[in-house]
Amino acid sequence: MESELKAPIRVRFAPSPTGYPHLGNIRTALFNWLFARHHKGKFILRIEDTDVARRVEGAVETILDSLLWLGLEWDEGPYLQSQRLHLYLDVSTRLLEEGHAYTCYCSPERLETMRQEQIKRKQPPGYDGHCRHLTQGEKTRLEKSGIAPVVRFKTPLAGETSFHDLIRGQITFKNITLSDFILLKSDGYPTYHLANIVDDHLMNISHVLRADEWLSSTPLHALLYQALDWQPPQFAHLPMILGPDKSKLSKRHGATTLTEYREQGYLPEAMVNFLALLGWSLDDKTELLSRDQLVEHFSLERIGKSGAIFNRTKLEWMNGVYLRRLGAAEFAQRATPFLDRDLPSSARRPLDLAYVRQVTSLLQERSRTLAEIPQLADFFFLDAIDYDAGLLLGKEMNAESAANALQAAVTELGRARTWDASSLEGILRPLAATLNLSTRNFFGLLRAATTGRTAAPPLFQTMAVLGQQKCLQRLAAALQKLPAVQQ
RNA sequence: GCCCUCAUCGUCUAGAGGCCUAGGACGCCAGCCUUUCAAGCUGGAGAUCAGGGGUUCGACUCCCCUUGGGGGCACCA
């Protein structure tokens, strides 16, 4: 039961536009969104664009686009940190004035050699405090020489810093292992550490749900809150999503950005369901949950601690489930853009939507992603099909009996007045008997002749959709191919 | 190297001391259904709960150590 007296729940998703959001980022966004919706709180979007050098064109748009595709609507923002620079500067100044921070004039070169030596001596790399005790005179001199300083936080040299994590419990770091990190860069932009806590404070963020990789920098943030005498939010570090080799997900693991999944024909509702189950579970058996059910049941208590390998095969299964659950019209509508995109150029455009609808109804329970529909369906849209003549012959068949059967089929089908699945069955099933062929062989022959493949939707329905004229044409073409078959 | 952290079937996970001879899902195998392929249904293989010590009448569950994995240690987030 949530107490009415508690501060309102306010969470944020704070990506940096240095790349396109990958599954891990999006899973973090999803958990934040679920948490906010479950508690009837606010979900805030904040763009952490304080790294001018690494900014990627179009990244912000892709982030917004990804969230909207999944239906993760935000209540406030997007706030851009690059437009709030004065706020960070104010806090930095205050920290300086109150003696919690100092200006540092060390050159990148000096820092680099320092680091190398520390590594060589097998010491933990970190700032050595060189500028910590500079006199006012020295500072003025360095300032005059044109060096733009950075501002560093004065990390306590002794003692320890601990904080409570909602998922992992109490976590403690010895301050000696923490170094004087940078708050403000020489270009006047804040680092993540500064901007992050200033904004979380100013935006009244109640809970910080972020990936595990931030755990190590949380003591820095805790120290900052202490120095500023601000109430820190509650922290919950989420387990990470891993690649098949158990390492942090990255480009080299293949498709990792959300938009790639959209292009590969996954449904947003399946992605939401699947992503939610990476690190969270409802119970010992539930796998399929709608967005509303997720909102209803989501809780931090049921988030696990260990990283999860992203299992694409299971996603495919789940996507198939969602695909099959769609209404036929909906399925056709969602499949159309993929057909349009991937069908061979020889297929007539624009696509005949009524025809598409008939085709997709045969494919709905056979596809796991929308992107595989075009390959499953191409023969429906092409005038001529190309295939190996060997596909025509079943096990107990030779070219002669196949020719005989095809000829008989052409004759009977040519006479047909109605052309639907049941009348076709009414013609072809008895014909198999007459020809003394197993349905397996006879229908297999017709399938290969009409579709050019051995695996396709049910024969009669397929033929019905193809139409009488096209079927007869293809049957005749198969008859021509037959002599070429190697026995 | 140092710091933090995690550890149940191949993978995602259930398990909050006795309900566990460890449950579910994906995948895999087999059977059924069947004109092929799927889908569906049924069944099966698959985890000495990383290893070792404790605590306890009793440990997958609590504690310690070891091992292994992951993350962090930037004028990146």
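Residue numbers begin at 1 in each chain, while the letters A, B, ... track the order of the sequences.
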Colleague: What is the nucleic acid contact for Ser216(A), judged by heavy atoms within less than 4.0 Å: base, sugar-phosphate only, or nothing?
Modeller: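 Base, at least one base heavy atom under 4.0 Å.
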Colleague: Less than 3.5 Å apart, which donor and acceptor atoms pair up between the side chains of residues 427-438 of chain A and the rest of the protein, not counting sequence neighbours?
Modeller:
{"from": "Arg429(A)", "atom 1": "NE", "to": "Glu425(A)", "atom 2": "OE2", "distance (Å)": "2.9"}
{"from": "Arg429(A)", "atom 1": "NH2", "to": "Glu425(A)", "atom 2": "OE2", "distance (Å)": "2.8"}
{"from": "Thr434(A)", "atom 1": "OG1", "to": "Pro430(A)", "atom 2": "O", "distance (Å)": "2.9"}
{"from": "Ser438(A)", "atom 1": "OG", "to": "Asn441(A)", "atom 2": "N", "distance (Å)": "3.1"}
{"from": "Ser438(A)", "atom 1": "OG", "to": "Asn441(A)", "atom 2": "ND2", "distance (Å)": "2.8"}

Colleague: What does Thr454(A) touch in the nucleic acid at a heavy-atom separation under 4.0 angstrom: a base, only the sugar-phosphate, or nothing?
Modeller: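 Result for Thr454(A) = base.
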Colleague: Contact class for Glu48(A) (heavy atom, under 4.0 Å): base, sugar-phosphate, or nothing?
Modeller: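 Sugar-phosphate: the residue Glu48(A), judged by heavy atoms under 4.0 Å, touches backbone atoms but no base.
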Colleague: Quick check with a 6.0 Å cut-off and a 45 degree axis cone: is Arg84(A) positioned over the face of Tyr79(A)'s six-membered ring?
Modeller: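 Ring-cation test returns yes.
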Colleague: Within residues 438-453 of chain A, which residues have any heavy atom lying less than 4.0 Å from an atom of RNA chain B?
Modeller: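 Under 4.0 Å from RNA chain B: Thr439(A), Arg440(A), Phe443(A), Arg447(A).
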Colleague: Please list residues of residues 155-166 of chain A whose heavy atoms come under 4.0 Å from any atom in RNA chain B, ordered by number; otherwise none.
Modeller: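 Here the set is empty: none.
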Colleague: If you measure only the distance, is there a donor-acceptor pair under 3.5 Å linking the side chains of Glu143(A) and Tyr105(A)?
Modeller: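 Per modelled atom types, Glu143(A) and Tyr105(A) side chains form a pair under 3.5 Å.
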Colleague: For G1(B), which nucleotide in any strand shown is its Watson-Crick or wobble partner with both distances under 3.5 Å?
Modeller: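 Here G1(B) is engaged in a pair, and the nucleotide opposite it is C73(B).
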Colleague: Heavy atoms within less than 4.0 Å of RNA chain B: which residues of residues 147-154 of chain A have one? Give them sorted by number.
Modeller: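 Val150(A), Arg152(A), in order of number.
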Colleague: What contact category does Ala456(A) fall into here, base, sugar-phosphate, or nothing, at under 4.0 angstrom with non-hydrogen atoms?
Modeller: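 Base contact.
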Colleague: Give a yes or no on whether the backbone of Thr369(A) and the side-chain of Gln264(A) come within a donor-acceptor separation of less than 3.5 Å.
Modeller: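 Looks like no, no N/O pair under 3.5 Å.
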Colleague: What's Ser179(A) touching, base or sugar-phosphate or nothing? Going by heavy atoms closer than 4.0 Å.
Modeller: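 Here Ser179(A) touches no strand at all.
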Colleague: Starting at the 5' end of RNA chain B and moving along, which residue's nearest nucleotide shows up first, Ser16(A) or Glu365(A)?
Modeller: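 The residue whose closest nucleotide sits nearer the 5' end is Glu365(A).
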Colleague: Using a 4.0 Å heavy-atom cut-off, does Arg121(A) contact any base of the nucleic acid, only the sugar-phosphate backbone, or nothing at all?
Modeller: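 Touches nothing.
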Colleague: Do the ring planes of Phe173(A) and Phe163(A) sit parallel (below 30°), tilted (30 to 60°) or perpendicular (above 60°)?
Modeller: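 Parallel.
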Colleague: Say we look at U55(B) and C29(B): how far apart would their P atoms be, to the nearest angstrom?
Modeller: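 Nearest-Å result for U55(B) against C29(B) at atom P: 48 Å.
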Colleague: Suppose we define a pair by two distances each less than 3.5 Å, Watson-Crick or G-U wobble; what does C28(B) pair with here?
Modeller: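 Paired with C28(B), as far as the under-3.5 Å criterion goes, is G44(B).
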Colleague: Verify the distance criterion only: is there a donor paired with an acceptor across the side chains of Arg12(A) and Asn196(A) at less than 3.5 Å?
Modeller: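 Looking only at side-chain atoms, Asn196(A) and Arg12(A) do form a donor-acceptor pair, the distance falling under 3.5 Å.
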Colleague: With a cut-off of 6.0 Å (strictly less than), are more than 12 heavy atoms of other residues, nucleotides or ligands near CD of Gln170(A)?
Modeller: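 Atom CD in Gln170(A) is packed in, count exceeds 12.
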Colleague: Pick the P atom in G23(B) and in A14(B), then give their distance to the nearest Å.
Modeller: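 It comes out at 15 Å once rounded to the nearest Å.
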Colleague: Tell me whether Arg334(A) forms a cation-pi arrangement with Phe338(A), defined as NZ or CZ under 6.0 Å from the six-membered ring centre and within 45 degrees of its axis.
Modeller: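 Output no; distance or angle outside limits.
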Colleague: Work out how far the C1' atom of C37(B) is from that of G43(B), and round it to whole angstrom.
Modeller: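 That atom pair is separated by 23 Å.
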Colleague: Please report the distance separating the P of C6(B) from the corresponding atom of C65(B), rounded so that it comes out in whole Å.
Modeller: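 It works out to 14 Å between them.
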Colleague: When all nucleic acid strands are considered with a 4.0 Å heavy-atom cut-off, which category describes Pro457(A): base, sugar-phosphate, or nothing?
Modeller: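 Base contact.
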Colleague: What are the 5'-most and 3'-most nucleotides of RNA chain B lying under 4.0 Å from any heavy atom of chain A?
Modeller: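 For RNA chain B, the relevant span reads G1(B) to A77(B).
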Colleague: Which part of the nucleic acid does Lys314(A) contact within heavy-atom distance under 4.0 Å: base, sugar-phosphate only, or nothing?
Modeller: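 It contacts base atoms.
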Colleague: For C49(B), which nucleotide is its Watson-Crick or G-U wobble mate, given both distances must be under 3.5 Å?
Modeller: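 Across all strands, not a single nucleotide pairs with C49(B).
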Colleague: Pro458(A) or Lys248(A): which one's nearest nucleotide on RNA chain B is closer to the 5' end?
Modeller: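 Upstream on the strand: Pro458(A).
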Colleague: Compute both the distance and the angle, then confirm whether Lys481(A) meets the cation-pi test with Tyr387(A): under 6.0 Å from the six-membered ring centre, within 45 degrees of the axis.
Modeller: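 Yes.
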Colleague: Going by atom types only, do Asp49(A) and Ser82(A) share a side-chain donor-acceptor pair under 3.5 Å?
Modeller: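 Yes, a side-chain donor-acceptor pair sits under 3.5 Å.
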Colleague: Are side-chain N/O atoms of Tyr102(A) and Asp180(A) paired as donor and acceptor at under 3.5 Å?
Modeller: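 On atom types as modelled, these side chains qualify, holding a pair under 3.5 Å.
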Colleague: Using the C1' atom as the point on both nucleotides, what is the distance between A50(B) and G68(B), in whole Å?
Modeller: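 Roughly 7 Å separates the two C1' atoms.
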Colleague: Does one side chain, of Thr93(A) or Asp90(A), offer a donor that lies under 3.5 Å from an acceptor on the other?
Modeller: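 Per modelled atom types, Thr93(A) and Asp90(A) side chains form no pair under 3.5 Å.
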Colleague: Distance-only check: which donor-acceptor pairs under 3.5 Å involve side-chain atoms of residues 236-248 of chain A, not counting sequence neighbours?
Modeller:
{"from": "His237(A)", "atom 1": "ND1", "to": "Asp165(A)", "atom 2": "OD2", "distance (Å)": "2.6"}
{"from": "His237(A)", "atom 1": "NE2", "to": "Arg210(A)", "atom 2": "NH1", "distance (Å)": "3.2"}
{"from": "His237(A)", "atom 1": "NE2", "to": "Thr218(A)", "atom 2": "OG1", "distance (Å)": "3.1"}
{"from": "Asp245(A)", "atom 1": "OD1", "to": "Ser247(A)", "atom 2": "N", "distance (Å)": "3.1"}
{"from": "Asp245(A)", "atom 1": "OD1", "to": "Ser247(A)", "atom 2": "OG", "distance (Å)": "2.9"}
{"from": "Asp245(A)", "atom 1": "OD1", "to": "His253(A)", "atom 2": "NE2", "distance (Å)": "3.4"}
{"from": "Asp245(A)", "atom 1": "OD2", "to": "Ser247(A)", "atom 2": "OG", "distance (Å)": "3.3"}
{"from": "Asp245(A)", "atom 1": "OD2", "to": "Arg252(A)", "atom 2": "NH1", "distance (Å)": "3.1"}
{"from": "Ser247(A)", "atom 1": "OG", "to": "Arg252(A)", "atom 2": "NH2", "distance (Å)": "2.9"}
{"from": "Ser247(A)", "atom 1": "OG", "to": "His253(A)", "atom 2": "NE2", "distance (Å)": "3.3"}
{"from": "Lys248(A)", "atom 1": "NZ", "to": "Glu213(A)", "atom 2": "OE1", "distance (Å)": "2.7"}

Colleague: Considering every strand and a 4.0 Å limit on heavy-atom distances, what is the contact class for Gly320(A): base, sugar-phosphate, or nothing?
Modeller: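 Since no nucleic acid heavy atom lies under 4.0 Å of Gly320(A), the category is nothing.
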Colleague: Does Lys185(A) reach a base, just sugar-phosphate, or nothing at all? Heavy atoms under 4.0 Å.
Modeller: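 The answer is base, as Lys185(A) lies within the cut-off (heavy atoms under 4.0 Å) of a base atom.
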Colleague: Using a cut-off of 4.0 Å on non-hydrogen atoms, how would the nucleic acid contact of Arg210(A) be classed: base, sugar-phosphate, or nothing?
Modeller: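 Nothing, no nucleic acid heavy atom in range.
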Colleague: Please verify the inter-ring angle class for Tyr192(A) with Trp214(A); under 30° counts as parallel, over 60° as perpendicular, anything in between as tilted.
Modeller: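 Tyr192(A) vs Trp214(A) ring planes: parallel.
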Colleague: Is there a Watson-Crick or G-U wobble partner for A39(B) with both distances under 3.5 Å, and which nucleotide is it?
Modeller: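 A39(B) is unpaired by these criteria.
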Colleague: Between A25(B) and C49(B), how far apart are the two P atoms, rounded to whole Å?
Modeller: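 Their P atoms lie roughly 22 Å apart.
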Colleague: Checking all strands, does Met318(A) fall into the base, sugar-phosphate, or nothing category for heavy-atom contacts under 4.0 angstrom?
Modeller: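 The answer is nothing, as Met318(A) stays clear of every strand by at least 4.0 Å.
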Colleague: Is there a donor in the side chain of Asp420(A) and an acceptor in the side chain of Ser423(A), or the other way round, less than 3.5 Å apart?
Modeller: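 Short answer, yes.
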Colleague: Hey, does Ser306(A) reach any base, or is it just sugar-phosphate, or nothing, if we go heavy atoms under 4.0 Å?
Modeller: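 Sugar-phosphate contact only.
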Colleague: Taking any heavy-atom pair under 4.0 Å as a contact, classify Phe274(A): base, sugar-phosphate, or nothing.
Modeller: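 Contact class for Phe274(A): none.
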Colleague: Centres of the Phe274(A) and Phe310(A) rings: under 6.0 Å?
Modeller: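 Yes, the ring of Phe274(A) comes within the 6.0 Å limit of the ring of Phe310(A), centre to centre.
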Colleague: Using the P atom in both, what is the distance from C63(B) to G31(B), to the nearest Å?
Modeller: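 So the two P atoms sit 49 Å from each other.
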Colleague: Please measure how far the C1' atom in U42(B) lies from the corresponding atom in U48(B), and state the result in whole Å.
Modeller: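 Looking at atom C1' only, U42(B) and U48(B) are 30 Å apart.
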